[in-house]
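Quick note: residue numbers are just sequence positions, from 1.
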Amino acid sequence: WVYWCWMIGLTLLALIHLAPVLGVAGGDVLERLYGVRAEGPDLQLLLRHRAVLFGMAGAIMVLALFNPGYRSVALAVGWLNVLSFIVLAAQIGQINEALVRVLRVDYFAVVLLAGLTAIRFQART
């Protein structure tokens, strides 16, 4: 059952982190993802770069699916990525509905990460 927990959990986390990669396409996709108009090249650059970074995080999780030696790295990247957004969103307060949806997905990711982290530490004892 541990094998399947890893496979399902990492697959879901990879999908969560790979979905924003679509934002590399630019303005219209970014608006659908985040509910913000990426007006101007500066904001587009920042948001498209964010999409690339999410792709890297998702790629680490895909790698960890096939190489268990990368699971700790994948968990660390997942925790940093998800918790940073949750903390920043809490500091901001009021966010649009699209970002509330992102926040809900991140809460789901926290549950996955907590379960996989527990399995990881259980396996080491």
Item to check | Sequence neighbours excluded - salt bridge (Lys or Arg N to Asp or Glu O under 4.0 Å) pairs with any residue from residues 97-110 | outcome: Glu97-Arg104
Checklist entry - Roughly how far, to the nearest 0.5 Å, is CG of Leu43 from CG of Leu46? => result 6.5 Å
Checklist entry - Can you name the nearest heavy-atom pair linking Ile119 to Cys5, along with the distance? => result CD1-CB, 3.6 Å
Item to check | Side-chain touch Val62/Leu18, heavy atoms, less than 4.5 angstrom | outcome: yes
Next on the checklist: Measuring only between side-chain heavy atoms, which start at C-beta, is Arg71 closer than 4.5 Å to Leu10?
Outcome noted: yes
Checklist entry - Shortest non-hydrogen contact from Arg48 to Val24? => result NE-O, 2.7 Å
Checklist entry - Is there a path from Leu116 to Leu63 through hydrophobic residues (I, L, V, M, F, W, Y) whose side chains come within less than 4.5 Å of each other? => result no
Item to check | Leu65 CG to Ile8 CD1 distance, which is reported to the nearest 0.5 Å | outcome: 11.0 Å
Checklist entry - Quick one: side-chain contact (heavy atoms from CB on, under 4.5 Å) partners of Trp4, sequence neighbours excluded? => result Met7
Checklist entry - Do Met61 and Trp6 sit in the same hydrophobic cluster, where Ile, Leu, Val, Met, Phe, Trp and Tyr count as joined when their side-chain heavy atoms come under 4.5 Å apart? => result yes
Item to check | ring pair (Phe, Tyr, Trp, His ring centres under 6.0 Å) partners for Tyr34, two or more places apart | outcome: none
Next on the checklist: Could you report the tightest heavy-atom contact between Ala114 and Trp79, atom names first, then the distance?
Outcome noted: N-CZ2, 3.5 Å
Item to check | Phe85 atom CZ: more than 12 heavy-atom contacts under 6.0 Å | outcome: yes
Checklist entry - Is there a path of hydrophobic side-chain contacts, each under 4.5 Å between heavy atoms of I, L, V, M, F, W or Y residues, that connects Val100 with Val105? => result yes
Checklist entry - If we only count heavy atoms from C-beta on, is the Leu113 to Leu83 side-chain gap below 4.5 Å? => result no
Item to check | Pairwise distance OH(Tyr107) to CD1(Ile86) - rounded to 0.5 angstrom | outcome: 5.5 Å
Next on the checklist: How close do Leu80 and Ser84 get, counting heavy atoms only, and between which atoms?
Outcome noted: O-OG, 2.8 Å
Item to check | Over all atoms of both residues, closest heavy-atom pair of Ala51 and Val21 | outcome: O-CG2, 3.6 Å
Item to check | Path from Phe108 to Val110 over hydrophobic side-chain contacts below 4.5 Å | outcome: yes
Item to check | Interatomic distance, Leu103 atom CG to Ile92 atom CD1 [nearest 0.5 angstrom] | outcome: 12.0 Å
Checklist outcome for this item: CZ (Arg37) and CD (Gln44) are apart, to the nearest 0.5 Å, by 8.5 Å
Checklist entry - Rounded to the nearest 0.5 Å, how far does CG of Leu99 lie from CG of Leu88? => result 11.5 Å
Item to check | Within-4.5 Å side-chain heavy-atom neighbours: Leu112 and Ile16 | outcome: yes
Next on the checklist: Same cluster or not: Leu12 versus Val2, using hydrophobic residues (I, L, V, M, F, W, Y) connected whenever any side-chain heavy atoms lie under 4.5 Å apart?
Outcome noted: yes
Checklist entry - If every non-hydrogen atom of Leu75 is compared with every non-hydrogen atom of Arg120, which pair is closest and at what distance? => result CD1-CB, 4.0 Å
